[in-house]
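One structure below.
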Amino acid sequence: MCSVRVASRMNARLPAVGALILVCATASGLHAQDAAQYRDKVDRLAARLEAVRAQVLAKDSIGSPVDTVRRGPLRLLVRPERQAFLAEVADITWDTLATMLGADTLLILGSHVFVHVADDSRLRLPPDVGQYRIWRLGEPRDVAADLARFIVHTIWEGLDATLRSWLSNPAGLDSLSNTQAEAVYVDLVTAPWELVKACRAGDLEACARSLDLEVADDTVSLWYTAEEQRRRVEKGGGTWWDIYNRKLPDYIGCTGGDDAACSVYLNQHRWMIGAPLSASARESFLRVALEVGGEGALGRLARSEAPATGGRLSAAAGVPRDSLIALWRDRILAAAPAQVIITGATGWTALAWVLVLAFLALRSTRWRNP
Amino acid sequence: MFSEVDPRSPTPLYDQIASRIRIAIAAGDLVPGRSLPSVRHLASRLRVNPATVVQAYRALAADGFVEMRQGSGTFVCEVGTGRKESERSAQARQLVRGLLSEAARRGLSAGDVAAAFRAELGSEVE
Amino acid sequence: MSNAIETRAVQRRMNKAFEIRDLALNVPSGSIYGFLGPNGSGKTTTIRLLLGLLRSSQGSIALLGRSVPADMPHILARTGFVPERPHLYAGLTIGEAVRYHSAFYSAWDAERAESLRRQFRLDPSQRVGRLSKGETGKLLVLLALAQNPDLLVLDEPTDGLDPVVRRDVLSALLDYVSQCGATVFISSHLVHELERFCDWVGVMDDGRLVAEMPMGTFKNGIKRLRVLDGPAVVDDAPFTLLAREPSDGVSAGEIWVVRDWQASMSQYFERVGASLREVVDLDLEEGFVELLRTFRSPNA
Amino acid sequence: MFREILRTQWKWSTIGVVVGAVVAFALPLMTVQGAGTADARWIEVRQLLDDQRSWAQWYPLLALAVGLLVGTSAWTNDHRVRHVYALTLPLPRWRFVLLRYGAGLVLLVAPMLALAVGAGVAASAATVPSGLHAYPVALSIRFALAVVVAYSIFFAISSGTTRTAGYVLSVVGAVVVVQLLFRVSGGSTNLLTAIFDRMVTWPGPFEIFSGRWMLIDV
């Protein structure tokens, strides 16, 4: 931990500019595997950060003394009296991000991020930086968690469109929790589609398709049987206006019994239909992949050039796709919720307690001679 | 005759009960052969110990006024006229004795009492 | 079995100020035993000890020949108890309360219960919680008598009842006793009430049994004497002098309260040169008061 | 004898038992009201399970309430007059307590059965989406056990003297005070949570209450 004190002109008119946290990284050419290159890049970033800061300070005539807190590529500009608090926040945030994503992953971050507290309302930020406002300065741990979540979101925003359309907005990239896995388990066992049933039964290819890990021209047929497609069309296909005007030959063909028309219709109306397993299932898969991949997994995901999402996630995890799917499936099945059916232990324990309590009632002092 | 007894009186309760029955027999209120109330009934009615009633009945039986028949109750016996007379006079003497002792306590002489008697009763006594 | 209740050296400390000490009760079988004592003298505590509701710290208690509290269920099956404070379930009607109570007694006499109910004019559909004090007392006595007990323990059964109810209750009690010959242990601070039917009395004061004797002895032994020219010091009298005070002022002499009196003792006064003017029998209440007076201040 | 004890018990806890039974019958029916279609989409299944979960809390609460009403009613009268009637009745005390306890249990069979019947009716009336199952028997058994445990707890507590209740309360109070001291001295140990967790996880007495009260579940 090092903090550099930057002496500046005093300006008492802007005391509200409190903790100014600047997370700065770059999106330029990311191949910094080796340390020297990485360090070089970081140094250049630092220089740029100084420039930005100078620009901000000049623009707003901030005269109060400002400290800089550095953690890896994280740089925070802080007001001296909040230095201790935000240094702690920076520590925790950095730890979280580093273990979650790997140190170099932060370099994926496509823009600068200012993080400032709610009372810094008069601050005008440079137009080229992302910003995040902390509404409440509470426990450092909570602030750091919010900050880390925000940075992850920003990172995901910086990824390519294919990945973002596969999973629009992951809640976080830390490892799969049991509650999340349990929710996915419910999806897995309740989805009525043939493909998911096959996946549940152990067909890994079916799992891959259910999770939308494959690419194909006719995605809809990759996911659903003809019968399922028809049912879907009948249930929700076409607007009233479309049908009234008979402008949808595929719709009419599909409901009339033409299987091909169904897939054509659904491929044209992709908003009507998604992959058989839900977005939360996909997110759980992503989390498993990142967890298996360990440090740097997100970087590998971003850099992978495999055509299908399955291949990219496999690259991120560093294991073959099917092993990854098998692993994911095991994790999900293991997260099955507690049984509704009462186990012997529970039942007998309850009865034992009943006996204990009945005995206590018998031994009450009221029944003995006082 | 089977009404209140006075537990505060120095005369024992059984004696009070027995003497009342005795007077009733002597006065002819209780005719021979008539049964006396059961011990249970009398004890409950007078709120006295049943043993007290039994004691009273025993005393009466010992004097020959009543006869206790096992299992069926207590019955008034035939009492001779002389016996009745003597019982009556005994009762009267007892009353007078009590009166005289009370008078003595108050410092009155027997003559005072006799004079009072005459005054109260008029010429009947003569 | 000669004693229905027998306690030996029973001890029980209730609090700093009060304890039951050296309690040795002997209640002969078949007797009606009046358990006297002022309020707070330990009557109720003693009864609670007898019924196993309190445990004595020392000594032994036997009821009907069985030991307390080991044989309590057997004892209670043959003992009718009328507590000072009613404990019946307030939500039940009289009919239900009687029915509930009867379920626990094998010797229950339903006919007696019914005739007592009619005699006491209790309405079976009335709620126990709404009964007047007198009605509650009658109900408790009804329950105690209908279980055909060999021993009746009554804790102030007539306390706070009006004279009519009191008469009803006592009549029913004596009727039962003369019919079934049960032993009755009855506590009261209303002394004159017990006078007419008790054949034994025990007197409690301050947690101790002051006296226990047959009623006859108790009543005959205590007299009030009017004495003229009594000696200043009484040391060789054949009776016990309990109290000595000037007469009421109208009649001359002193009033002596004596115990263990017999008629032949009047010679004593002639011997010491005094004259005995009057011998007054004390009733139970007066005797009781005198007894307690000497117990509390033995030197008076 | 038992019949008379049962009769008094019934008289004291009629409301608890009758209302408990009615609610116990109605609860499963309300739980599945509007339950989904056979080929539900995942969002509908999720909705159904969420609905189930939101109803789930009412089952243990009902069990607690019924147990509380019947358990405490056994001794309210004796507490009110501050004397235990049964102590002067001619039977061993343990026997009387067991009879009283048994009387309450017998009455509690009504809400238990009502819930079982309600759950059975509800399960047969509801359309259960594929992949999910109805568990009327498991739910009924869980409810029955929870009712008995709750009843036993409150029966035991109210069997005690007011002094016993005082002890129980002062222990709870002491825990709260210790917790506050911890808080003040900056400690992060949460004693209350720890104790609560112990109670509701195996083998704590309340484990039966914290289980899955789902009529329809995976």
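In the text below, chain A, chain B and the rest are named by the order of the sequence lines, each starting its count at 1.
For Phe359(A), no part lies under 4.5 angstrom from a heavy atom of chain D. Using a 4.5 Å cut-off between heavy atoms, Glu182(A) touches chain D through its side chain atoms alone. Using a 4.5 Å cut-off between heavy atoms, Ile141(D) contacts chain A through both its backbone and its side chain. Ile157(D) does not touch chain A: none of its heavy atoms, backbone or side chain, sits under 4.5 Å away. In this structure, chain D has heavy atoms under 4.5 Å from both the backbone and the side chain of Ala345(A).
Near-neighbour residues of residues 347-356 of chain A relative to chain D, defined by a heavy atom under 4.5 Å from a heavy atom of that chain, comprise Gly347(A), Thr349(A), Ala350(A), Leu351(A), Trp353(A), Val354(A).
Closest heavy-atom contact between Thr346(A) and Glu207(D): OG1-OE2, 3.0 Å. The minimum heavy-atom distance between Ala156(D) and Ala361(A), with the atom names listed, is CA-CB, 3.9 Å. Taking each heavy atom of Ile342(A) and Ala138(D) in turn, the nearest pair found is CD1-O, 3.8 Å. Here the closest non-hydrogen pair linking Val218(D) and Pro337(A) is CG2-CG, 3.6 Å.
The CZ atom of Phe155(D) sits 8.0 Å away from the CG atom of Leu362(A) when rounded to the nearest 0.5 Å.
Your options are Arg142(D), Met214(D), Arg100(D), and the one with the most heavy-atom pairs under 4.5 Å with chain A is Arg142(D).
Residues that satisfy the side chain to side chain contact (heavy atoms under 4.5 Å, CB included) test with Ala123(D), not counting sequence neighbours, are Ala134(D), Pro136(D).
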